[in-house]
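Working notes, structure below.
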Amino acid sequence: MSETLKIAVQKSGRLYEGSMKLLKECGIEVSNGNNQLRVTASNFPIEVFFLRDDDIPEYVQDSVADIGFVGENVAIEKNKEVETIKKLGFGKCRLSIAVPKSGELQSISDLKGKKIATSYPFILSNFLNEKNISASIHEISGSVEIAPRIGLAEAICDLVSSGSTLFTNELKEIETILKSEAILISNKNLSEGKKVILESLLFRLNAVRKAKNNKYVLLNAPNENLNTICKLLPGMKSPTILPLAEEGWSSVHSVISETDFWNIIEQLKANGAQGILVIPIEKMIV
Ligand code: PRT
Ligand code: ZN
């Protein structure tokens, strides 16, 4: 019987949609219509396990699942024997220390002897040790942001994305401990057969990721500036140049990272580029 790679994905919560979308973009069809615990993909040798995010690192370590999509914050906090394979580009957030806006605490050195509420005791205690700050850690599993108001702690250490939770609870960030996003983790002892499937999944993930960071650019350029414009738009190999019906003009096609595009747009215009179109790329294989 040929092998199947077991992948753990968050059952519901902030990483569920991003994880399922990524699998779909990789052309892997998984239907979780009936709220099942595990589903086999119809067109790729992968079986998806839907689990609580906190359990994913341990399940991957113990080979219940072979690989998993999980927040880097959870992977670090759980400190299991797993391998980090790659960042996935979604579920971005930061783990920060925050204090009441109007209190006397201003910086991390003011935390000496204070109580900090968090769901991330391992990461927080490492951070405090590193900074030589002796504070006590109060572990709670949810609603960390209300801890100062109910007198449970003077400060908190929690995940932040938009910052609106801190704002509505009259808290302010004084330190970012960790920047996080969803990552792909793997068991350290995959069989050869599973490694082959993982390689094939990684190939697809890379193609999707590369496509997201790049755009297909088309523009019309006066022939006398073609050299300069081509140097600005190097493309995958080199740009495609096609003559326009109008004498003295060409159409230039190329692929460029979105950030680079915004950096060179003024130079393109200064060199007479017109009718610039920027088009998303679905998959990119180099
Ligand atoms: O049920 P299960 O245990 O699987 O889920 P969970 O409730 O433990 O996790 P969930 O779904 O809340 O988060 C899963 C992962 O999403 C986290 O481990 C992070 O990697 C990532 N992530 C990204 C976030 C956030 N952004 C985030 N903003 N996780 C939590 N939050 C919370 C934060 O704790 C705080 O309460 O959102 C609030 C702050 O958000 P803002 O936008 O107000 O700043
Ligand atoms: Zn959780």
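Just so you know, ligand 1 is whichever comes first in the structure, and atom 1 is the first atom listed for that ligand. When reading the values below, keep in mind they use all heavy atoms of this one structure, side chains included, and skip hydrogens, waters and symmetry mates.
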Sub-4.0 Å protein heavy atom near atom 28 (N) of ligand 1 = yes
task = Give a yes or no on whether a salt bridge exists between E81 and K188, defined as a side-chain N under 4.0 angstrom from a carboxylate O.
result =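 Counted as a salt bridge, because a side-chain N and a carboxylate O are separated by less than 4.0 Å.
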ask   = Is it true that K21 and E25 make a salt bridge, defined as a side-chain N closer than 4.0 Å to a carboxylate O?
value =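 Yes, charged N to carboxylate O under 4.0 Å.
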So which heavy atom in the protein is nearest [atom], and how far is it from that ligand atom?
atom: atom 5 (O) of ligand 1; answer: Q10 NE2, 2.9 Å
atom: atom 35 (C) of ligand 1; answer: L159 O, 3.5 Å
atom: atom 20 (O) of ligand 1; answer: N73 OD1, 2.6 Å
atom: atom 42 (O) of ligand 1; answer: S162 OG, 2.6 Å
atom: atom 38 (C) of ligand 1; answer: T165 OG1, 3.6 Å

Indicate, as side chain, backbone, both or neither, the part of [X] found under 4.0 angstrom from ligand 1 when only non-hydrogen atoms are considered.
X: R52; answer: both
X: D53; answer: both
X: C93; answer: side chain
X: V160; answer: both
X: D158; answer: side chain

query = Under 3.5 Å, side chain of N129 to main-chain N/O of N126, donor-acceptor pair present?
reply =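 No, the answer is negative, given that no donor and acceptor are paired below the 3.5 Å cut-off.
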Only heavy atoms of [X], strictly under 4.0 Å: list the atoms of ligand 1 that pass.
X: G163; value: 41 (P), 42 (O), 44 (O)
X: G13; value: 11 (O)
X: L15; value: 15 (C), 16 (O)
X: G71; value: 20 (O)
X: V74; value: 18 (O)
X: S164; value: 43 (O), 44 (O)

request  = Could you tell me whether some N/O pair between S180 and ligand 1 is separated by less than 3.5 angstrom?
outcome  =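 No, there is no polar N/O contact under 3.5 Å.
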Does atom [atom1] ([X]) have a neighbourhood of more than 12 heavy atoms from anything else shown, all under 6.0 Å?
X: K172; atom1: NZ; result: yes
X: K86; atom1: NZ; result: yes
X: K283; atom1: NZ; result: yes
X: K87; atom1: NZ; result: no
X: E247; atom1: CD; result: no
X: Y59; atom1: OH; result: no

message = Could you walk me through whether S257 and N213 satisfy the side chain to side chain donor-acceptor pair (under 3.5 Å) test, starting with their C-alpha distance in whole Å, then the side-chain angles of each, then the deciding distance to 0.1 Å, before giving a yes or no?
response = CA-CA 6 Å; S257 89; N213 294 336; over 6 Å; no
query = Hey, does I123 have a side-chain heavy atom less than 4.5 Å from the side chain of T118?
reply = no
key: For I183, the option from N73, T84, V74, I76 that meets side chain to side chain contact (heavy atoms under 4.5 Å, CB included)   =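 Considering N73, T84, V74, I76, a side chain to side chain contact (heavy atoms under 4.5 Å, CB included) with I183 is found only for T84.
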request  = Check each of D62, V82, V60 against N187 using the side chain to side chain contact (heavy atoms under 4.5 Å, CB included) test, and report the only one that passes.
outcome  =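 Considering D62, V82, V60, a side chain to side chain contact (heavy atoms under 4.5 Å, CB included) with N187 is found only for V60.
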ask   = Relative to atom 37 (O) of ligand 1, which among E173, E77, R14 owns the nearest non-hydrogen atom?
value = R14
ask   = Relative to each other, are the rings of F50 and Y16 parallel, tilted or perpendicular (30° and 60° limits)?
value = tilted
ask   = Which protein N, O or S atoms does the Zn ion (ligand 2) have within a distance shorter than 2.8 Å?
value = D53 OD1, D54 OD1
Under 3.5 Å, side-chain donor or acceptor atoms of residues 150-166 against the rest of the protein: list the pairs with distances, not counting sequence neighbours.
residue, atom, partner, partner atom, Å
E154, OE1, K115, N, 2.7
S162, OG, S164, N, 3.2
S162, OG, S164, OG, 3.2

